[in-house]
Amino acid sequence: MSQIKLSQRTKIIALFCAFAAGALVMVTAVTMLVGSPTPRVTSTGTAAVGGPFKLVDQTGAPVTEAALKGKPSLIFFGFTHCPDVCPTALFEMSEILTALGPDADKAQVFFVTVDPERDTPEALKSYLSSFAPQIRGLTGTPEAVEAIKKEYRVYSKKVPLTGGDYTMDHTAVVYLMDKSGTFVAPFNSKRPPADAAAELKRYL
């Protein structure tokens, strides 16, 4: 009696395995004919950073994304009333340009304000006079500044201070763009200037 039960059980298991195998073959065949139901995700390895913009520099001259063509660029977003992060970053980039020596004019640095309310071209010109002459300040209407912030995935927020004044919280990343104006990677400006300059030279 126990032998009969074992035999029936074995048959059931065998039938189930055969059914599962057949279903697998059918799914494989359909997939080959119509393609995978889940689309493949491909990546170029480059984040979608950067895009068109229309701003003016500290002289009032118009500047668009076309200015990024022909030279590698370092782009930093900040504001002239920044107490420490922005002047430190601009000093570091000035040191890097100095370390480039004769090649300094083959690279460019852009300081884009996140505070267009206060950072007029005149304010930027005065502020940037303390740093390397290759650094160009960019400003514009609040709408134009918001547009470039969106293109570069930049966060900023006005933070009220006592007495009616305010400061700005903002993304503090140096963006490295190649000679075609394409984003390469965040750039480490805090290492020794000679090391940073050596990396930048690779994109000249």
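Excluded from the calculations below are hydrogen atoms, water molecules and symmetry mates; all remaining heavy atoms, backbone and side chain alike, are included.
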On a heavy-atom basis, which atom in [X] and which in [Y] lie closest, and how many Å separate them?
| X | Y | result |
| --- | --- | --- |
| Leu68 | Ser73 | CD2-OG, 3.7 Å |
| Arg153 | Ala48 | NH2-O, 3.0 Å |
| Ala107 | Leu200 | CB-CD2, 4.0 Å |
| Ser156 | Met168 | OG-CE, 4.1 Å |
| Pro193 | Ala99 | O-CB, 3.8 Å |
| Gly140 | Pro116 | O-CB, 3.3 Å |

Could you measure the distance from the [atom1] atom of [X] to the [atom2] atom of [Y]? Nearest 0.5 Å is fine.
| X | Y | atom1 | atom2 | value |
| --- | --- | --- | --- | --- |
| Leu204 | Lys179 | CG | NZ | 7.5 Å |
| Leu97 | Glu92 | CG | CD | 12.5 Å |
| Cys82 | Leu90 | SG | CG | 9.0 Å |

Between [X] and [Y], is there a shared hydrophobic cluster once you connect ILVMFWY residues whose side-chain heavy atoms come closer than 4.5 Å?
| X | Y | answer |
| --- | --- | --- |
| Tyr166 | Val154 | yes |
| Ile148 | Val56 | no |
| Val85 | Val159 | no |

Next on the checklist: For a quick check under 3.5 Å, do Thr139 and Asp119 share a side-chain donor-acceptor pair by atom type?
Outcome noted: no

Next on the checklist: Less than 4.5 Å apart, side chain to side chain, heavy atoms only: is that true for Cys86 and His170?
Outcome noted: yes

Item to check | Flag side-chain contact, heavy atom, 4.5 Å: Leu138 against Phe53 | outcome: yes

Checklist entry - Does Glu146 use its side chain to pair, donor to acceptor, with the backbone of Thr141 at less than 3.5 Å? => result no

Item to check | ring-ring contact (aromatic ring centres under 6.0 Å, His included) contacts touching residues 133-155 (sequence neighbours left out) | outcome: Phe77-Tyr152, Tyr152-Tyr175

Taking only distance into account, with no hydrogens and no angle test, what donor-acceptor pairs under 3.5 Å do side-chain atoms of residues 125-137 form with protein atoms, sequence neighbours excluded?
| unit_1 | atom_1 | unit_2 | atom_2 | d |
| --- | --- | --- | --- | --- |
| Ser129 | OG | Ser126 | O | 2.6 |
| Gln134 | NE2 | Asp105 | OD1 | 3.4 |
| Arg136 | NH2 | Asp57 | OD2 | 2.8 |

Item to check | Which residues share a side chain to side chain donor-acceptor pair (under 3.5 Å) with Asp178, sequence neighbours left out | outcome: Ser180

Item to check | Phe91 atom CZ, neighbour heavy-atom count above 12 within 6.0 Å | outcome: no

Item to check | Counterpart residues, ring pair (Phe, Tyr, Trp, His ring centres under 6.0 Å), relative to Phe110 (two or more places apart) | outcome: none

Next on the checklist: Give me each pair satisfying side chain to side chain donor-acceptor pair (under 3.5 Å) with a member in residues 192-204, each pair once, sequence neighbours excluded.
Outcome noted: Arg191-Glu199

Checklist entry - Tell me the side chain to side chain donor-acceptor pair (under 3.5 Å) pairs involving residues 94-104, sequence neighbours left out? => result Asp103-Lys106

